[in-house]
Protein chains: 2
Amino acid sequence: MAETGGGGEGLLFLTDEQLRKGIEAMFFAYRGFTADPDRILEGLDYGRAHHRAVHFINRSPGLTVSSLMAILGVTKQSLNRVLRTLIDDGLVEARIGREDRRERNLYLTDKGMVLERSLSDAQRARMRAAYRTAGPQAVQGFRTVLEAMMDPEMRRQYLGLKEAGS
Amino acid sequence: MAETGGGGEGLLFLTDEQLRKGIEAMFFAYRGFTADPDRILEGLDYGRAHHRAVHFINRSPGLTVSSLMAILGVTKQSLNRVLRTLIDDGLVEARIGREDRRERNLYLTDKGMVLERSLSDAQRARMRAAYRTAGPQAVQGFRTVLEAMMDPEMRRQYLGLKEAGS
DNA sequence: CTTGGAATGTCAACAAGGCTGACGTAAATT
DNA sequence: AATTTACGTCAGCCTTGTTGACATTCCAAG
């Protein structure tokens, strides 16, 4: 243990073995990360794709279909299938754009917000427990490494849309 | 910055907004995490499922089908489909267990090791770059939070199979 | 030895959620 | 007026997950 914390310890943290551990940590942790929402979604006719859509619509109310496509990194056909069910079920509203009437601005309805709440509450609960266990300094490192791991375009999405900031 | 490192700074890191940022960091970072192997796999007739199987067979040569099922969290039918193609293509060898002849011990062939290498080289390169950018202290925090985020069972898989240790 | 159960393989059917290609419509732009 | 953009939709395909059913092999207990 007893890390120097300064970076001058011979880069032991960059050995292949250390990197492999990091890779597996990502794999196993991501499973935990999605487990709770998945449990809620199963049986509701919805899946992870719906969760993602609802999450980002909630975060940025009024965002367009194109923007959401870019954020999620899926095709319009794939997104449309998900959006279609959410709109038909009254969880999402697609308003015609005021400036550019070709665009559709997406909003959660009250019903949609209820689902979003239950999903994000579950996910936040796990994240909160992990944060609390690990402590603020670890959380700082966690965010730093994850941000460095993103593709530049995704990093822009991640950084560019934060309101409150780190 | 100037974190106390003790948790007595008012728990600002546990606000809903901070947790939301952590959630999105996981989402965007995981995309980057899988992007490079995915690029290699596309066109080879293989997918992410093959990557995962090859990774864990490489890590623990001789592991059984049951063990791999437990690690990957998929059904035998799903795993078998992936394993079938890997065996047929000569990337994986399934030897009958010596002690219990019902079991199949899985090994990478030389050909399988070549693929594993190219996939893990790509993934490690990104991980290495992120680690280098973030620094050893951040890496420590990264691993700590991820470990806390896992389901207990997955945490056992993660910790129990490491040879070199942290 | 026989039988029960465990480990594995396999066939079939199905679903979610990706993808491409093609086509249509409305609205903005040139 | 022609073109481009944003979006929706139909059709079909792929990967990877799921259940259910059934066969085989083999260990272990009676």
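For Met69(B) and dA6(C), the CE to P distance is 14 Å, given to the nearest whole Å. Taking atom CG of residue Leu83(A) and atom P of nucleotide dG17(C), one finds them 13 Å apart after rounding to whole Å. Between the CD atom of Glu42(A) and the C1' atom of dT19(D) there is a distance of 14 Å, given to the nearest Å. When rounded to the nearest whole Å, the span between OH of Tyr46(B) and P of dT16(D) equals 12 Å. One can place CG of Leu41(B) at 18 Å from P of dC14(D), the figure rounded to the nearest angstrom. In this structure, CG of Asp45(A) is placed 7 Å from P of dA16(C), rounded to the nearest angstrom. The CG atom of Leu72(B) sits 16 Å away from the C1' atom of dT18(D) (whole-angstrom rounding). The CG atom of Leu44(A) sits 18 Å away from the P atom of dA15(C) (whole-angstrom rounding).
Regarding contacts with the backbone of dT16(D), a side-chain N or O of His50(B) is found under 4.0 angstrom from either OP1 or OP2. OP1 or OP2 of dC10(D) has not a single side-chain nitrogen or oxygen of Arg84(A) nearer than 4.0 Å.
Between Glu17(A) and Lys21(A) no salt bridge is recorded (no basic side-chain N to carboxylate O distance below 4.0 Å). In summary, Arg95(A) and Glu93(A) engage in a salt bridge, as defined by a charged side-chain N under 4.0 Å from a carboxylate O. Contact check on Arg84(A) versus Asp88(A) returns a salt bridge, with a Lys/Arg side-chain nitrogen under 4.0 Å from an Asp/Glu carboxylate oxygen. Using a 4.0 Å cut-off between a side-chain N of Lys or Arg and a carboxylate O of Asp or Glu, Glu153(A) and Arg156(A) do not qualify as a salt bridge.
Taken residue by residue, residues 93-104 of chain A places heavy atoms nearer than 4.0 Å to DNA chain C at Glu99(A), Asp100(A), Arg101(A), Arg102(A). Only at 4.0 angstrom or more do the heavy atoms of residues 28-38 of chain A sit from any atom of DNA chain C, so none qualifies. Heavy-atom distances under 4.0 Å link DNA chain C to Thr75(A), Gln77(A), Ser78(A), Arg81(A) of residues 75-82 of chain A, given in residue order.
Just one of Tyr30(A), Phe28(A), Phe33(A) meets the side chain to side chain contact (heavy atoms under 4.5 Å, CB included) condition when paired with Met150(B); it is Phe28(A). For the pairing with Glu116(A), the side chain to side chain contact (heavy atoms under 4.5 Å, CB included) check across Asn58(A), Ile57(A), Asp121(A), Leu91(A) returns one residue only, Asn58(A).
Phe27(B) pairs by the ring-ring contact (aromatic ring centres under 6.0 Å, His included) definition with Phe56(A), not counting sequence neighbours.
Here Met149(B) contributes atom CE and Gln123(A) contributes atom CD; the two are 9.5 Å apart, rounded to the nearest 0.5 Å. Annotation: the span from Arg31(B) atom CZ to Gln157(A) atom CD amounts to 8.5 Å, rounded to 0.5 Å.
Residues Tyr158(A) and Glu147(A) approach most closely at CE2-OE1, 3.9 Å, considering heavy atoms. When all heavy atoms of Leu14(A) and Leu19(A) are compared, the closest pair comes out as O-CD1, 3.5 Å.
Among residue pairs with one or both ends in residues 38-47 of chain B, those qualifying as salt bridge (charged side-chain N to carboxylate O under 4.0 Å, His left out) are Asp36(B)-Arg39(B), Asp38(B)-Arg48(B); sequence neighbours excluded.
Contact of the Leu44(B) side chain with the Leu115(B) side chain is registered, since non-hydrogen atoms from C-beta on lie closer than 4.5 Å.
Thr64(A) and Ser67(A) share a side-chain donor-acceptor pair at under 3.5 Å.
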Give me the distances for all protein-to-nucleotides 1-3 of chain D N/O pairs that come in under 3.5 Å?
none

